[in-house]
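Report on the structure given below.
When reading the values below, keep in mind they use all heavy atoms of this one structure, side chains included, and skip hydrogens, waters and symmetry mates. Just so it is clear, the structure is predicted and the values come from calculations on it, not from any experiment. Starting from 1, each residue takes its place in the sequence as its number.
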Amino acid sequence: MWQQEFLWFFTIFHHEFRKNNGVAFETLMVLAVAHLFGFYNPKQLADFLEVPHQQFYTVLKEWSVYQVKKMLLRFMVKQAAEKLKPVMSKSAATRSRAGTTLSIDNSVMDRFGNLLRCTWSWYSGRYHKVIRGQDLLGIVFTIEHIALPLHLLFCPKQGRYHTTKADLLIFMLIQLKTAFLREGIDITQFPLTMDSAYVSQALRERLHQLGFIDIIIAGKGNYVFTIDTQKWDASTWKKVLMLEEPKWGIDVPSCRIRGSSPTFGSLILFFFRKSTTRSYYLMNFSQRSLRGAEIWHIWKQHQVIECFWKIMKSIFQFRSMHLQGDGLYTALLIKVFAYLLALRLQAEGVFSKLTLTEIMRKLRREADLRDFLVTHFHTTFSIT
């Protein structure tokens with residue numbers, strides 16, 4: 001059964017991206033499938049197959065950054081469109097219940113190599129300090145508590161232009177909007193969620209110009225708001241506001257209130273408490289007023305992107321891939337291939353009740369990677 005899901009990947013994309021070189025495309029797919037068997041970089045797989053690892057690296061270098069980025073975007077959009085189209089024909093309420101949301105977040109992966117591309121000093125939320133690593137900005141589509149990556153871009157620290165993360169985000173959203181329109185889907189009707197790193201009035205206006213209607217952003221503690229003629233920063237408001245007990249549609253103590261900011265003007269604020277000690281708040285940047293239950297329902301999907309980063313780092317061991325220079329995006333493409341293949345397997349009945357880790361363990365026990373490669377791949381990869 002799992003071989004059929006792999007063949008879906010191969011048949012959909014090999015004609016479009018093989019570049020008259022089937023071996024180059026097959027190499028990507030071989031390395032992606034190998035993740036399910038516990039081989040997370042070309043060297044590990046080459047040692048298992050007892051072939052020179054230079055063979056993999058030589059073939060991978062044949063892809064340009066442009067080709068890899070194009071393949072990555074096209075692949076992710078195609079996968080998401082397959083999930084979206086059945087839902088798009090239904091009512092707005094059904095789409096809302098499915099938890100269809102675009103979540104935006106970045107993750108820093110600590111790196112120490114000097115030859116690895118996009119490695120600079122970034123602030124890491126995990127370590128709560130500045131570390132040396134790669135900052136990966138991601139847009140993830142959530143549906144039924146499943147995270148489908150739509151666009152992933154490494155943030156450069158230096159360059160000819162002073163490009164901010166907000167500029168990169170707008171660029172990514174424009175690309176996504178165009179790509180999904182080719183599939184007959186308008187992504188601006190889905191809510192956007194993002195953390196406080198991107199908060200600005202300029203970004204709010206640019207998102208509205210792109211056509212996005214519902215936008216929920218986590219607020220910073222140092223922002224100042226005037227509520228009922230009293231002017232304090234958000235950290236103070238979180239302490240003094242009385243939160244109501246959980247009610248219909250909101251499973252945490254919360255308070256929805258209108259405030260005024262010198263930067264953002266009048267807007268709806270949603271304060272909530274996730275534990276007995278920690279309180280947070282959200283800002284409604286939407287083009288329409290939203291009820292507290294609507295704001296909370298949209299924001300609850302944002303945690304899915306955090307789960308996505310954890311899966312990429314722990315289960316698929318993103319740090320184990322050390323392709324230098326332009327190979328950075330090739331490594332990302334291989335990891336995304338492996339992640340999406342695992343999700344397709346999880347949707348099958350025999351794997352539906354298993355976690356991704358359990359699926360990988362089951363495959364290692366019951367399938368032979370050598371036999372699979374000999375059966376499905378080009379003779380260049382024959383290990384006989």
Looking at Gln175 and Met172, would you say the former's side chain and the latter's main chain have a donor-acceptor pair under 3.5 Å?
no
Above 12 or not: heavy atoms from other molecules or residues under 6.0 Å from CZ of Arg364?
yes
May I ask you to decide if Leu354's main-chain N or O and Gln346's side chain share a donor-acceptor pair within less than 3.5 Å?
yes
Please report, to 0.1 Å, the donor-acceptor pairs under 3.5 Å made by any side chain of residues 220-230, with sequence neighbours excluded.
none

Is the gap between the ring centers of Phe270 and Tyr281 under 6.0 Å?
no
Any chance the side chains of Ser235 and Asp233 put a donor and an acceptor closer than 3.5 Å?
no
Leu137, Leu136, Val108 screened by side chain to side chain contact (heavy atoms under 4.5 Å, CB included) with Cys155, the one that passes
Leu137
Ignoring hydrogens, what is the shortest heavy-atom contact between His35 and Ala338? Give both atom names and the distance.
CB-CB, 3.6 Å
Is the distance between the ring centroids of Phe316 and Tyr40 under 6.0 Å?
no
Nearest heavy-atom pair of Arg344 and Glu82: which atoms, and what distance?
NH1-OE1, 2.7 Å
Check ion pair Lys177-Asp186 (N to O, under 4.0 angstrom):
no
Quick check against the 3.5 Å criterion: does Lys335 have a side-chain atom that pairs as donor or acceptor with the backbone of Gln317?
yes
Run the salt-bridge test on Arg273 and Glu245 with the 4.0 Å N-O cut-off and return the result as yes or no.
no
If you look at every heavy atom in Pro191 and Thr100, which pair is closest and at what distance?
CD-O, 3.3 Å
Tell me if the aromatic rings of Phe308 and Tyr339 count as close, with their centers under 6.0 Å from one another.
yes
Are Gln287 and Phe212 packed together at the side-chain level, in the sense that at least one heavy-atom pair is separated by less than 4.5 angstrom?
no
Just by modelled atom types, is the Trp232 backbone N or O under 3.5 Å from a matching donor or acceptor in the Thr236 side chain?
no
Residue pair Leu152 / Tyr329, side-chain heavy-atom distance below 4.5 Å
no
Does the gap between the ring centers of Phe372 and Phe37 come in under 6.0 Å?
no
Crowded around Lys313 NZ? As in, over 12 foreign heavy atoms under 6.0 Å?
yes
Provide the full list of salt bridge (Lys or Arg N to Asp or Glu O under 4.0 Å) pairs with a residue in residues 187-209, sequence neighbours left out, each pair given once.
Asp167-Arg206
